[in-house]
Amino acid sequence: MDASPASESRSEMERMVPYDPDQIEPKWQERWEAEGRYRAGGPEDPRPKFYALDMFSYPSGDLHMGHAEAFAIGDVLARYRWMQGYNVLHPIGWDSFGLPAENAAIKRGIHPREWTYANIEQQAASFRQYGMSFDWTRRLHTSDPEYYRWTQWLFLKLFEMGLAYRKNAPTNWCPTDATVLANEQVINGLCERCDTPVVRKDLTQWFFKITDYAERLLDDMAPLEGAWPERVLTMQRNWIGRSEGSEVTFEIAETGEAMTVFTTRPDTLWGVTFFVLAPEHPQVLALASIGGVQDEVQTILDRLQATPLTNREQAESREGVRLGVHAVNPVNGEKVPVFVAPYVLMEYGTGAVMGVPGHDQRDFEFARAQGLEVRVVIEPEGSEGVDPATMTEAFPHQGVMVRSGPFDGVESPASIQAVIEWLEAEGKGRRAISYRLRDWLISRQRYWGAPIPIIHCPEHGEVAVPEEDLPVKLPHNVDFSPQGASPLATVEEFVQASCPMCGADARRETDTMDTFVDSSWYFLRYLSPDDGTRAFDPVEVERWMPVDQYTGGVEHAILHLLYSRFVTKALYDAGMLSFTEPFLRLQNQGQVIMQGAAMSKSRGNLVEFAEERAKYGADVVRVTMLFASPPEDDVDWATVSAEGTRSWLGRVWRAVHQAAETSGELSEDLRRFTHRTISRVTEDFDRFKYNTAIARLMELTTEIRHALDAGGPAREAAEKLVLMLAPLAPFLAEELWREALGNEESVHVQSWPEFDEGLAAQQRVNLIVQVDGKVRDRIEVSPDIAEDDAVALATASENVQRHLEGREIVRVIARPPKLVNFVTR
RNA sequence: GCGAGAGUGGCGGAACGGUAGACGCGCCGGCCUUAGGAGCCGGUGCCCGCAAGGGCGUGGGGGUUCGACUCCCCCCUCUCGCACCA
């Protein structure tokens with residue numbers, strides 16, 4: 001290779017200022033801000049709208065590389081849509097209520113508010129340094145009274161609709177910290193903070209009736225198919241856990257009271273040999289007294305009471321207490337013994353099950369442990385009978401009904417339907433659907449959250465705080481160290497209230513709301529963040545919603561996304577929204593891990609965004625993240641090369657500067673390559689495949705380099721390169737666009753480059769010639785080569801001739817211009 | 001156990017059923033340099049061969065096809081969710 005290109009670029013380099021992010025990034029950040037560059041257009045804006053939403057940040061500290069990944073992906077899309085001519089709304093806010101603020105405050109002796117807002121400021125500064133195209137005028141924090149006022153309004157709305165209610169429920173309780181813990185805060189049965197074994201405690205709690213929406217939450221997933229990641233939809237489906245079956249009513253022989261069970265297999269009713277109640281079932285103690293076994297039952301209850309909800313070992317045992325009463329099987333009048341056993345859960349179905357040991361593994365194990373009869377009433381088709389005495393496990397599959405009275409010989413699955421219809425006709429049961437989904441427990445005995453706007457009146461019970469009295473403000477000076485009750489209960493002036501209905505002395509609710517309530521509607525608040533008269537402006541909501549693209553981590557696959565969907569449907573039912581699904585498309589980005597492990601402070605492998613940014617610059621961090629893998633895959637920061645990215649952006653820097661000095665028509669080759677690149681990069685952007693888009697841009701950079709080294713013009717190609725680089729490396733692109741290429745206007749208001757189909761098409765392609773499927777030659781041909789010509793060329797190939805020697809061609813597969821395959825014998 | 005997804009060079013990763021490994025990291029060689037951890041040019045799946053060329057290669061085994069990383073069946077491994085859901 002000739003040495004002169006190298007020396008040429010060397011002299012260029014000596015004249016040229018080197019690529020230095022520190023010199024360009026702060027400058028543009030300030031100017032964009034001053035120009036209001038990313039403010040969404042108002043109602044008069046004629047462009048089509050695009051609502052690009054990123055899952056907002058929890059202010060637990062400064063940004064780390066996980067944020068860098070997630071927000072880079074969201075930002076590239078927003079910038080790309082701007083360039084495509086959309087009016088883009090790309091807001092940012094903070095999910096700023098929550099337990100970590102309290103924990104940090106307790107640990108450091110500062111107020112949660114101080115800690116929270118200091119972190120927010122730090123994150124906001126980092127976002128700016130990162131080049132995020134946020135509309136800062138819409139910024140919100142869920143812990144601001146101006147925001148949580150409307151979270152309280154939402155609560156009242158649901159309360160009014162009968163969707164918010166209070167009931168007694170078991171919770172996780174840490175005896176040392178004297179507080180309730182979320183399930184996530186119980187690690188292996190221990191309190192995450194003090195390692196004390198967690199126990200169960202029944203408390204009266206507020207719930208949202210999300211179970212009323214189970215069916216719709218399921219049905220409305222249909223249009224999300226293909227637009228949301230499949231696994232998120234699957235997780236939501238599993239979480240809702242719909243089971244079809246029937247309810248069947250048994251009768252307690254000794255008392256005559258009805259006892260209903262839910263079963264998905266009513267075709268096994270003739271195999272019932274016992275009946276089991278959950279220990280917490282409300283009838284248990286009364287029934288136990290009949291058989292005189294209250295003490296045994298109480299022992300189980302006490303032990304359960306001391307067992308954390310998350311500890312399942314307890315329930316895996318097959319212990320149980322015979323209550324001494326009997327249940328009458330409605331299908332055959334048989335009396336079977338009633339037990340109480342911890343393997344039956346109060347939370348699912350009716351808290352009572354019919355015991356069918358022949359066809360349910362848990363029932364089978366229980367029967368063996370308790371010495372109960374196992375009866376086979378379903379047999380595999382064509383089997384000559386199963387002996388219960390020698391069974392080692394239940395037969396839970398479908399089959400033919402036997403020993404089932406009128407249903408003998410009926411096969412499943414039709415048998416299930418037949419039995420249900422028969423039960424309904426006989427008045428012994430009915431078709432039923434059971435869900436795994438429970439109501440959403442939203443009360444927290446915590447300080448740093450939105451107070452629940454309810455007043456407890458001795459006369460009128462739970463009374464809504466009148467809307468005009470909102471917000472119910474969080475008092476500032478509160479001892480928020482864990483006491484057992486909500487810290488707000490210790491603030492007498494907060495608690496004291498008068499009943500809005502009768503004016504009598506009353507007490508304010510002291511629980512605060514789960515932070516998932518805050519985040520279940522924030523995407524609506526962005527649309528009119530300063531409206532002091534209502535939660536959201538319906539006109540703006542009509543204009544912007546639903547969200548066109550939602551970007552965030554899979555960790556919210558269930559909770560946040562399910563809650564937001566629920567709240568949207570509830571507001572639709574309230575007549576306040578015209579749509580029932582908030583997010584049209586969902587994009588999950590992968591996690592950023594470090595040396596094969598999830599990043600965490602405790603593991604000591606947390607990579608701070610600020611450090612990487614200081615080392616490489618924002619553009620390099622962005623591009624490195626995006627180039628490492630497709631957005632949905634995990635990225636191990638230890639295995640990616642920011643150095644490689646920096647060196648590429650340096651090449652871009654030099655090539656564009658040098659190309660800017662050239663003028664005139666591009667060479668045919670470079671022009672075609674440029675158009676081809678635009679075509680492919682556009683396609684990659686549309687598929688969110690930023691990694692391959694960057695690879696294409698790297699190739700274009702190399703082509704420009706070659707053209708320059710050959711002394712040819714490259715300016716036009718460099719311009720296109722910079723335009724396509726703009727969403728990915730916004731600072732560098734802006735600097736090159738305005739300074740090196742000398743444009744007046746920002747690169748970020750330019751249109752995405754167009755390409756000419758004809759030019760983008762390849763003018764020479766490789767014709768693959770195969771003999772029996774093995775590649776024997778590659779011939780460069782025109783893309784519009786005729787089949788005959790292709791076969792002729794292929795036949796003429798020397799190497800192909802060698803392989804055809806002595807063989808008979810039985811078939812020729814020709815797919816011009818790509819392939820000719822000779823099939824021989 | 002159930003459900004979902006994934007297994008491709010030393011590494012991150014590319015490949016409408018049609019050139020496997022684009023692009024990058026790393027490594028090797030060259031150029032330029034007083035020097036270079038800068039830049040530029042080239043090479044780089046494994047094996048045989050000076051080369052031309054050939055053989056083998058996408059977790060394993062079958063199948064469909066002229067042709068399979070890609071589609072179908074069975075198996076193995078890994079990751080992630082859920083997990084006594086009656």
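All of these numbers come straight from a predicted model, not from anything done at the bench.
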If the plane angle is over 60° it's perpendicular, under 30° parallel, otherwise tilted; pick one for A:Tyr690 and A:Phe685. perpendicular

Just say parallel, tilted or perpendicular for the rings of A:Tyr19 and A:Trp653, cut-offs at 30° and 60°. tilted

Write down the distance between [atom1] ([X]) and [atom2] ([N]), rounded to a whole number of angstrom.
X: A:Glu798; N: B:A52; atom1: CD; atom2: C1'; result: 10 Å
X: A:Ile593; N: B:G12; atom1: CD1; atom2: C1'; result: 11 Å
X: A:Leu626; N: B:G13; atom1: CG; atom2: C1'; result: 14 Å
X: A:Glu780; N: B:U19; atom1: CD; atom2: P; result: 16 Å
X: A:Asn588; N: B:G5; atom1: CG; atom2: P; result: 14 Å
X: A:Tyr348; N: B:C82; atom1: OH; atom2: C1'; result: 14 Å
X: A:Arg815; N: B:C16; atom1: CZ; atom2: P; result: 18 Å
X: A:Lys818; N: B:A15; atom1: NZ; atom2: P; result: 13 Å

N/O (side chain, [X]) to phosphate O (OP1/OP2, [N]) under 4.0 Å:
X: A:Arg778; N: B:U19; result: no
X: A:Arg362; N: B:C85; result: yes
X: A:Arg237; N: B:C82; result: no
X: A:His359; N: B:A86; result: no
X: A:Lys689; N: B:A14; result: yes
X: A:Arg802; N: B:A52; result: no
X: A:His706; N: B:C41; result: yes

Less than 6.0 angstrom from the centroid, inside 45 degrees of the normal: does A:Arg436 satisfy that with respect to the ring of A:Trp239? yes

Whichever of A:Thr264 and A:Pro630 has the more 5' nearest nucleotide on RNA chain B, that residue is A:Pro630

Find which nucleotide of RNA chain B each of A:Asn766 and A:Ser629 is nearest to by heavy atoms, and output the residue with the more 5' nucleotide. A:Ser629

Could you work out the separation of [N] and [M] based on their [atom1] atoms and round it to a whole Å?
N: B:A15; M: B:U8; atom1: P; result: 15 Å
N: B:G12; M: B:G62; atom1: P; result: 28 Å
N: B:G9; M: B:A14; atom1: C1'; result: 13 Å
N: B:U64; M: B:C74; atom1: C1'; result: 15 Å

Tell me which nucleotide among [options] gets nearest to the side chain of [X].
X: A:Ala628; options: B:G12, B:G53, B:A15; answer: B:G12
X: A:Arg436; options: B:U19, B:A86, B:A83; answer: B:A83
X: A:Ile768; options: B:C56, B:A4, B:U19; answer: B:U19
X: A:Leu345; options: B:C40, B:C85, B:A20; answer: B:C85
X: A:Asn821; options: B:G39, B:G67, B:C41; answer: B:G67

Identify each atom pair where a protein N or O and an N or O of nucleotides 61-63 of chain B are less than 3.5 Å apart, giving names and distance.
none

Rounded at 0.5 Å granularity, tell me how far CD1 in A:Ile704 sits from OG1 in A:Thr674. 6.0 Å

If the glycosidic angle sits within 90 degrees of zero it is syn, else anti. Tell me which applies to B:G9. syn

Side-chain ion pair, A:Glu244 and A:Arg242, N-O less than 4.0 Å: yes

Exercise answer: donor-acceptor pairs, residues 350-359 of chain A side-chain atoms, under 3.5 Å, sequence neighbours excluded:
unit_1: A:Thr350; atom_1: OG1; unit_2: A:Thr260; atom_2: O; d: 2.7
unit_1: A:Thr350; atom_1: OG1; unit_2: A:Ala352; atom_2: N; d: 3.4
unit_1: A:Thr350; atom_1: OG1; unit_2: A:Ala352; atom_2: O; d: 3.3
unit_1: A:His359; atom_1: ND1; unit_2: A:Phe395; atom_2: O; d: 2.8
unit_1: A:His359; atom_1: NE2; unit_2: A:Val377; atom_2: N; d: 2.9
unit_1: A:His359; atom_1: NE2; unit_2: A:Ile378; atom_2: N; d: 3.2

Measure from the side-chain N and O atoms of A:Arg622 to the backbone N and O of A:Leu728, and report whether any donor-acceptor pair falls under 3.5 Å. yes

Between A:Gln236 and A:Ala557 (side chain of the first, backbone of the second, donor and acceptor by atom type, cut-off under 3.5 Å), is there such a pair? yes

Please table the atom pairs, donor to acceptor, closer than 3.5 Å between any side-chain atom in residues 807-817 of chain A and protein atoms at least two apart or in another chain.
unit_1: A:Arg807; atom_1: NE; unit_2: A:Thr824; atom_2: OG1; d: 2.8
unit_1: A:Glu808; atom_1: OE1; unit_2: A:Arg825; atom_2: NH2; d: 3.4
unit_1: A:Glu808; atom_1: OE2; unit_2: A:Arg825; atom_2: NH2; d: 3.3

May I ask which nucleotide in the shown strands pairs with B:A6, Watson-Crick or G-U wobble, both distances under 3.5 Å? B:U77

Given that both distances must come in under 3.5 Å, which nucleotide forms a Watson-Crick or G-U wobble pair with B:C31? B:G39

Got more than 12 heavy atoms from elsewhere within 6.0 Å of CD, A:Glu225? yes

Taking CZ in A:Arg651 as the centre, count heavy atoms belonging to other residues, nucleotides or ligands within less than 6.0 Å. Is the count above 12? yes

Just the table, please: protein N/O against nucleotides 21-25 of chain B N/O, every pair under 3.5 Å.
unit_1: B:A22; atom_1: O2'; unit_2: A:Arg696; atom_2: NH2; d: 3.2
unit_1: B:A22; atom_1: O2'; unit_2: A:Glu699; atom_2: OE2; d: 3.1
unit_1: B:A22; atom_1: N3; unit_2: A:Arg696; atom_2: NH2; d: 3.4

Mind listing the N/O atom pairs, protein and nucleotides 79-81 of chain B, below 3.5 Å?
none

Got A:His281 and A:Val344 here, is their nearest side-chain heavy-atom distance under 4.5 Å? no

Those residues that, when tested against A:Pro337, pass side-chain contact (heavy atoms from CB on, under 4.5 Å) (two or more places apart): A:Phe274, A:Arg322, A:His326, A:Phe339, A:Leu372

Taking atom types as modelled, is there a side-chain donor on A:Gln762 or A:Arg672 under 3.5 Å from an acceptor on the other? no

